[in-house]
Asks: 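Before anything else, here's the structure in question.
For this chain, numbers begin at 1 and follow the sequence in order. This one's a predicted model, so the numbers in the text were calculated from it and none came from an experiment. Start at 1 and go down the list; that is how both ligands and their atoms are numbered.
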Amino acid sequence: MPSPTLLAKKISKSPTIAMNDKAKQLAAEGKSVIGLAGGEPDFDTPPHIVEAAIKALRDGETRYAAPSKGIRPLLEAIAAKTERDNDVRVDPMTDIIVTPGGKLALFLALKAMLDPGDEVLIPAPYWVSYPSITTMVGGAPVTIETSSADNYRLDLDHMKAFVTPKTKAIIINSPCNPTGHMLSSAEIEAVATLALENDLYIISDDIYEKLNFDGRPAVSLASIPEIADRVVVINGMSKAYAMTGWRLGWLAGPTSLISVAGMFNSQTSTSAATFTQHAAVAALTGPQDCVEEMRKSYEERRDFMVSAFNSIPNMSSPNIEGAFYAFPKVNETSKTSDEVANIILDEAVVVGVPGSAFGVSKDAHIRFSFAEDLGKLKEAVERIRRIADKLA
Ligand code: PMP
Ligand code: GLU
């Protein structure tokens, strides 16, 4: 009997997806569960985007997309968006690949840059899929832990200590899933210096760039001229346009790397769905007030989540600068984040994701998505408040 790859032993199902599935299963069993595990907007996709997809289907846009790297109007819309938002010029025909979701864009970017054993620096807390995808493509993830006490700051000397002759890339996600942290200009400079001194690629995962709070814009690393030729941007429609189920993302970067990623895309996905690409054109070129309305709503919920967790005895949350996750900490506890998440699940019937999934080894953090109705968030926090003494 043949057996699957040995890599399978190093990877588990995405914990965010596993916990989200668990919440859905408990709801199907009739439990009054509040699922805050998945990072998915509660809003419906704006109607003009849905209409564009329906029109594309009616117009017969049901075949493989050509070119496989993305239909020309979408490549041009992404290039225009990149210039408008990030002040970066990319050639639509050579520097962008459209993929079925940002997650696959990340997979293709890493597959295109790594040889077996090449190392990738991943600051933690990190999005759960970074180490797993790195491992899946034959690379070696190297975690750089940062601390909540230091506002998750990236320090050049600290990062340098993790560089070896095998280091090939660093992954940056700002605003960050799960902390919301946005890189300061000093941190951007530190990442740029590290990459230049050690000849590294920088993966700039900009998927939450539109979900920034307190009027502070998110800066894409691609917009820094000195490093622009080594930055590969990951982005997509899921978060800003409430289009998670449409599976539409992209990567953009140096032509040499993008041409390899495009080759791999043509050999795996063939292309992102054609009618979805037409909908993405409508999203990127149409009115943007829907994005701002959703952002404002996340900001209100952010205000609530930060003050609510700081009002629960023995829990705390720093300010959340972007994205739509709270990542509070249980202050004085002998329990691990997995134990804390299980108690909250069993006793409060609220589903979050333990900090361990995001590479946090020391403190007991738990991630709750606030891309959920405010009424449900209030109920979730009250339930946690009632059982908070059990978390110590
Ligand atoms: N990057 C980060 C940090 C994310 O949280 C997600 C959410 N799944 C993605 C990339 C990819 O999103 P998608 O595949 O839905 O485009
Ligand atoms: N990015 C979201 C999250 O972190 C969606 C699930 C996933 O792809 O991990 O929950």
Asks: Looking only at heavy atoms, what is the nearest atom pair of Val349 and Arg383, with distance?
Replies: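 Shortest heavy-atom separation between Val349 and Arg383 comes out as O-NH1, 3.2 Å.
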Asks: Can you tell me the protein heavy atom closest to atom 12 (O) of ligand 1 and the distance?
Replies: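 Atom 12 (O) of ligand 1 sits closest to the protein heavy atom Ile207 CD1, 3.6 Å.
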Asks: Below 4.0 Å, non-hydrogen atoms only: which portion of Tyr325 touches ligand 2? Side chain, backbone, both or neither.
Replies: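 Tyr325 to ligand 2: side-chain contact only, backbone stays beyond 4.0 Å.
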Asks: Check Lys378 with Glu382, please: is the shortest side-chain N to carboxylate O separation under 4.0 Å?
Replies: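 Looking at Lys378 together with Glu382, the answer is no, because their closest N to O distance does not fall below 4.0 Å.
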Asks: Is any side-chain N of the basic residue among Lys390 and Asp346 closer than 4.0 Å to the acidic one's carboxylate O?
Replies: no
Asks: Does Tyr130 come within less than 4.0 angstrom of ligand 1, counting non-hydrogen atoms of the residue?
Replies: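 Yes, that is the case, since the closest heavy atom of the residue is under 4.0 Å from the ligand.
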Asks: To which protein heavy atom is atom 8 (O) of ligand 2 closest, and what is the distance rounded to 0.1 Å?
Replies: Lys103 NZ, 3.0 Å
Asks: Any N/O of Gly39 closer than 3.5 Å to an N/O of ligand 2?
Replies: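 Yes; at least one N/O pair falls below 3.5 Å.
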Asks: Taking all non-hydrogen atoms of both residues into account, name the closest pair between Ala222 and Ala228 and its distance.
Replies: O-CB, 3.8 Å
Asks: So which heavy atom on His365 is nearest to which on Lys329, and how close?
Replies: CE1-CB, 3.5 Å
Asks: If you measure from each heavy atom of Arg247 to ligand 1, is any distance below 4.0 Å?
Replies: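 Flag set, Arg247 near ligand 1.
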Asks: Are the charged groups of Glu299 and Lys296 less than 4.0 angstrom apart, N to O?
Replies: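 So Glu299 does not pair with Lys296 through a salt bridge.
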Asks: Check whether any heavy atom of Thr244 sits under 4.0 Å from an atom of ligand 1.
Replies: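 No, Thr244 has no heavy atoms under 4.0 Å from ligand 1.
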Asks: Go through ligand 1 atom by atom and flag the ones less than 4.0 Å from a non-hydrogen atom of Gly102.
Replies: 13 (P), 14 (O), 16 (O)
Asks: Which residue and non-hydrogen atom of the protein lie closest to atom 9 (O) of ligand 2, and at what distance in Å?
Replies: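 Of the protein heavy atoms, Thr16 OG1, 2.6 Å lies nearest.
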Asks: Minimum heavy-atom separation for Ile384 to Ala348, with atom names?
Replies: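 Result for this residue pair: N-CB, 4.3 Å.
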Asks: Check step by step if ring pair (Phe, Tyr, Trp, His ring centres under 6.0 Å) holds for Tyr208 and Phe324.
Replies: CA-CA 9 Å; Tyr208 295 101; Phe324 44 49; 5.6 Å; yes
Asks: With backbone taken as N, CA, C and O and side chain as the heavy atoms from C-beta onward, which portion of Asn177 lies under 4.0 Å from ligand 2: side chain, backbone, both, or neither?
Replies: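 The answer is the side chain of Asn177.
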Asks: So if I count the atoms of ligand 1 from 1 in the order they appear, which ones are less than 4.0 Å from some heavy atom of Asn173?
Replies: 3 (C)
Asks: Need the ligand 1 atom indices (1-based, order shown) with element for anything under 4.0 Å from a heavy-atom of Asp205.
Replies: 1 (N), 2 (C), 3 (C), 10 (C)
Asks: Over all heavy atoms of both residues, which pair between Ser369 and Gly39 is shortest? Give the atoms and the distance, please.
Replies: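 So the minimum-distance heavy-atom pair works out to OG-CA, 4.4 Å.
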Asks: Do any N/O atoms on Ser129 end up under 3.5 angstrom from N/O atoms on ligand 2?
Replies: no
Asks: Taking only non-hydrogen atoms of Arg367, do any sit less than 4.0 angstrom from ligand 2?
Replies: yes
Asks: Mark up the atoms of ligand 1 that fall under 4.0 Å of a heavy atom belonging to Gly101, in ascending order.
Replies: 14 (O), 16 (O)
Asks: Would you name the heavy atoms of Thr268 and Leu108 that are closest together and state the gap between them?
Replies: OG1-CD2, 4.2 Å
Asks: In the protein, what heavy atom is nearest to atom 1 (N) of ligand 2, and what distance, to one decimal place, separates them?
Replies: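 It is Lys239 NZ, 3.2 Å.
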